[in-house]
Amino acid sequence: MSESKDFLRSIVEEDLKSGKYREIVTRFPPEPNGFPHIGHAKSIAINFGIARDYHGHCNLRMDDTNPTTEDTKYVEALKDAVDWLGFDWGERVYFTSDYFPKLYDYAVKLIKMGKAYVDSLNEEEMRAHRGTVTEAGKRSIFAERSVEENLDLFERMKNGEFKDGSHVLRAKIDMSAANMKMRDPLLYRIRHAHHFRAGDTWSIYPMYDFAHCLSDYIEGISHSLCTLEFENNRDIYDWVLDTLDLEPPRPYQYEFARLGINYTVMSKRKLLELVESGQVSGWDDPRLPTIAGYKRRGYTPESILTFCDQIGIAKANSMVDVAQLEFCIRDDLNTKVPRVMCVLDPLKITIENYEGSEILDASYYPEDVPKEGTRKLPFSKEIYIERDDFNENPPKGYFRLTPEQPVRLKHGYIISCKEVIKDAQGEIVEIKVHYHPESKSGSDSSGIKVKSAIHWVSAAEAKRVEVRLYDRLFKEETPEGLEDVNPDSLKIIKNALIEPSVITQKPDERFQFERQGYFYADPVDYSEETPVFNKIVGLKDSWGKKKKKRSETAKPQAKKVQIDGEVAAMSAQEQAHFDRYTAELELNPEVANTLARDAQLSTFYDEALRANHSPVTIANIVSNEVARELKENQVAALQFSAAQIAQLAEMIDDETISSKIAKRVFEEMVISGEDPKQIVESKGLIQISDPVKIAPIIDEVIAKNPDNVAKFLAGNTKLLGFFVGQVLKNTGGKANPKVVNELVAKKLNEHIPEPERC
RNA sequence: UGGGGUAUCGCCAAGCGGUAAGGCACUAGUUUUUGGUACUGGCAUUCGGGGGUUCGAAUCCCUCUACCCCAUCCA
């Protein structure tokens, strides 16, 4: 867990502290109608993670309320995903379909309460009745049906007496609700369909909005965490649970932003499209962001979990850079896996002055990885190196083999180029080199300096392997569809050459192919005859980046221009208020504007003014503090009165209290409705303006923070606020901030060290 | 257009009236038989824009703007 808490954990902690719940119970509630992807992983990490962190538990629940799209193969994939990520649901795998009988009873209860009715409008009529975002809807004539009739109809719906679509059960809420979701939402629909678990018992199925909240309640969920698109559904969630008048505690829903990653797609529809069009080999294609895909590619569950932890949880729609994910897997594998040598694009090297062969001892791990293990590395006259690692006309800064520049063979000798052999087309087919006998790795006495060490394999012993190079599936950062697929997302190398120990010794299933990247023995296609390795992720490549940058031109980045919208004109009455406030009372136009445009505010202000004619101070309090309270409440609901605000202003005006204390007093008034004078008196909030009393506190703060004093003297003037804040804190906010400010500045300057003062 | 959300560095993201956390990316350097790793340093005088309140505002108030979600018998 990262050190700062996310907003969900903050809520959970508060609820635990306040005693709202004794135990934290969350749930991961996927619909089994598709393969889980990394977005699900985020949800799994959140739900199971929070349960783990607060010693509660998390249920795995299949939200299987739609028989036409769901299948048992998906529930297996979902279970696999949770399991692979390392979470344990114990006995707690649940299915919404198991609650169908209970859900039915709740529906009956709602009907009996007169809160639900059977509607027999067809789909089209229902849409027409729903209205639009700006116009209210119209209630169906069937909403008039009696409880008895509704009960009868609903039972017959259940019994399968009606055709699909002929009737639905709806909640009776409000057809003119601003929230469209609340316009008598559907609770049940008729579906004569076979359910993969419930079989043919039911011919009616509950809708999400009815089933989900109640399933949460039935399972004793405390925090129902879902994604942002369900924000509008929260009102129904609350309505159902509250209307049913259930025994507490009940769950509450909170929403977080779903995961988006650039250069990939996350929607079930688009994923399905990729699979069905044959663009990828299946749900577990290593290029897919599915859990099965990452697993097949060679990602570790740890790396996915770290990623989920790093990206955080918030409510802003966001698009995470794939580089963040790639960092997580590299970082995880760096300390875990053996380094081996594999040549992807072989170039033959003949060491003219070497005869015979030898076996080199080579560690599987570099010095900075605290793991043990070595392998035998055959070395001989004929070897292969990477074609890229030789350059006849090297660019500036090229560290590898050139006609003039020697290079070290990793774990072996230094070689120098003697002759470049080309075919008729001018293609380099072989390099003849000389090795330096005294330069053997570990006992080098040659004194030759090389710029780099390259990987290689001995020609006779190397094994032929297939390597699948995966790159991002889409060429666009925000892909729309199939047309944005990256044509080079998969490159298959049939004839890569790998050192023998990888195949014979099999020290691991994941490797770092030295200087190239991390690779994974494909769990499906790997065989003794043709070993297959999937590229998980490349190593960071600062040389490649440097080369690329040279050819790239900087693209201009235009700064976005902010357009200012037009402010609505004031009504005649508002204008009259405004004029009086600015002309007669000499209010700041902005403050006057705020007051004048809000009838509640101007009335409140005028009333306060009658108790104490201090137009400016009162206007400031009303336009700022009172305005805030009036956002949520009507005037009648306020605990405090206009006269009390007038009294508060008086104390500010005569400097009994500072404006800082006034805010505290105001907060108290909001809650208790007590007189400000009384609050000030009982809490002893009268401000301290006497420098003699304040000075020692400043001295103390200065003495305690020598570092910040130094920083301040070095020119960080922002620190003045820090010192003022500390002093204010030490006096419980009672020190007169203006006095403190002056005094602190003076005292701090006295601290300029002696030498500088001379 | 009504309602509900969201805006802090290239990408995530802390922050809740008193010194703008952290990670990725980028960048400079040190170490290195991986152009890897590790390490050190640099990366927001400013928080979507404009005003206001305050000794002090990313945080409070007003206002404007941009983006996302909602009118499936999907979830």
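Below, read A as the first sequence line, B as the second, and so on, with proteins coming before strands; counting in each chain starts at 1.
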Look at all strands and tell whether Glu31(A) reaches a base, only sugar-phosphate, or nothing, counting heavy atoms closer than 4.0 Å. sugar-phosphate
Can you check U27(B) for me, syn or anti if syn means within 90° of 0? anti
Does the base of G52(B) carry an N or O that pairs as donor and acceptor with the side chain of Asn624(A) under 3.5 Å? yes
Hey, does the side chain of Lys718(A) come within less than 4.0 Å of U19(B)'s phosphate (OP1/OP2), counting only N and O? no
Does any N or O donor sit under 3.5 Å from an N or O acceptor when you compare the side chain of Arg515(A) with the base of U34(B)? no
Can you measure Leu333(A) atom CG to G36(B) atom C1' for me and round it to whole angstrom units? 13 Å
May I ask you to verify if any side-chain N or O of Asn588(A) is less than 4.0 angstrom from the OP1 or OP2 atom of U53(B)? yes
Are OP1 or OP2 of G5(B) and a side-chain N or O of Asn232(A) less than 4.0 angstrom apart? no
Phe230(A): ring-ring contact (aromatic ring centres under 6.0 Å, His included) partners, not counting sequence neighbours: Tyr208(A)
Spacing between Ile236(A) atom CD1 and G3(B) atom P, to the nearest angstrom: 18 Å
With a 4.0 Å cutoff (strictly under), does any side-chain N or O of Lys631(A) reach OP1 or OP2 of C62(B)? yes
Upstream residue (5' side of RNA chain B) when Ala257(A) and Lys268(A) are each assigned their closest nucleotide: Ala257(A)
Looking at G48(B), does its base get a donor-acceptor pair with the side chain of Gln562(A) below 3.5 Å? yes
Report yes if at least one side-chain N or O of Arg400(A) is closer than 4.0 Å to OP1 or OP2 of U34(B); otherwise report no. no
When the C1' atoms of G49(B) and A66(B) are considered, how many whole Å apart are they? 10 Å
Would one find a side-chain N or O of Ser452(A) under 4.0 angstrom from OP1 or OP2 of U34(B)? no
Looking for any heavy atom pair under 4.0 Å, which part of the strands does Ser659(A) touch: base, sugar-phosphate only, or nothing? sugar-phosphate
Is it the case that G18(B) (base atoms only) and Lys660(A) (side chain only) share a donor and an acceptor within less than 3.5 Å, ignoring hydrogens and angles? yes
Is a donor-acceptor pair below 3.5 Å formed from side chain Gln512(A) to base G36(B), judging by atom type as modelled? no
Tell me, please, which residues at least two apart from Glu386(A) pass salt bridge (Lys or Arg N to Asp or Glu O under 4.0 Å). none
Is the aromatic ring centre of Tyr208(A) closer than 5.5 Å to the centre of the six-membered base ring of A75(B), with the two planes inclined by less than 30°? no
Which part of the nucleic acid does Leu409(A) contact within heavy-atom distance under 4.0 Å: base, sugar-phosphate only, or nothing? nothing
For C74(B), does OP1 or OP2 lie under 4.0 Å from any side-chain N or O of Arg189(A)? yes
Could you tell me whether Phe399(A) contacts a base, only the sugar-phosphate backbone, or nothing, with contacts defined as non-hydrogen atoms closer than 4.0 Å? base
Aromatic stack Phe722(A)/G18(B): centroid gap under 5.5 Å, interplanar angle under 30°: no
Indicate whether OP1 or OP2 belonging to U53(B) is found under 4.0 Å from a side-chain N or O atom of Ser623(A). no
Taking only the side-chain heavy atoms of Ser542(A) (C-beta and beyond), determine which of A75(B), C55(B), G35(B) contains the nearest atom. G35(B)
Just to be sure I understand the rule, does Asp164(A) reach a base, reach only the sugar-phosphate, or reach nothing, if contact means heavy atoms closer than 4.0 Å? nothing
Measure CG/Leu539(A) against P/U34(B) and give the value in whole Å, please. 11 Å
To the nearest Å, how far apart are Asp71(A) CG and C74(B) P? 18 Å
Under a 4.0 Å threshold between the charged nitrogen and the carboxylate oxygen, would Asp332(A) count as salt-bridged to Lys336(A)? yes
Among C12(B), C64(B), A71(B), the nucleotide that comes nearest once only the side chain of Val133(A) is considered: A71(B)
Whole-Å distance between G50(B) C1' and Asp564(A) CG? 6 Å
